[in-house]
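As the structure is a prediction and not an experimental result, all values here were calculated from the model.
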Amino acid sequence: MVLDRLFLWIFTLAVFAGTAGIILQAPTLYDDRIPIDKKFSEYQTYRKIVKVLGNHGFFDIDNIQFVF
């Protein structure tokens with residue numbers, strides 16, 4: 001009976017150590033690049049503002065060139 005509990009604790013520790021090892025190997029934890037949605041969100045926000053203003057007649061939306 002005592003050996004069963006010992007093996008249960010060894011198995012439990014092995015499972016937690018393995019899980020932690022797998023999670024800590026995830027490449028996203030060590031990636032320092034700027035996410036693409038944050039990189040282009042300023043551009044998309046600008047496009048939305050221009051589209052709204054163009055729809056209200058402030059300027060001709062078909063002749064706008066985006067320079068980024």
Legend entry - Separation of Leu6 CG from Trp9 CH2 (nearest 0.5 Å):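 Trp9 CH2 to Leu6 CG: 11.0 Å, rounded to 0.5 Å.
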Legend entry - Reported CG-to-CG distance for the pair Leu3 and Leu8, which is rounded to 0.5 angstrom: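 With rounding to 0.5 Å, CG (Leu3) is 12.5 Å from CG (Leu8).
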Legend entry - Non-hydrogen atoms of Leu29 and Ile23 that approach each other most closely: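 Leu29 and Ile23 have their closest heavy atoms at CD1-O, 3.4 Å.
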Inset, instruction - Report yes or no: does Tyr30 contribute a side-chain atom to a donor-acceptor pair with the main-chain N or O of Gln25 at less than 3.5 Å? - result: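 Flag not set: sc Tyr30 to bb Gln25 has no pair under 3.5 Å.
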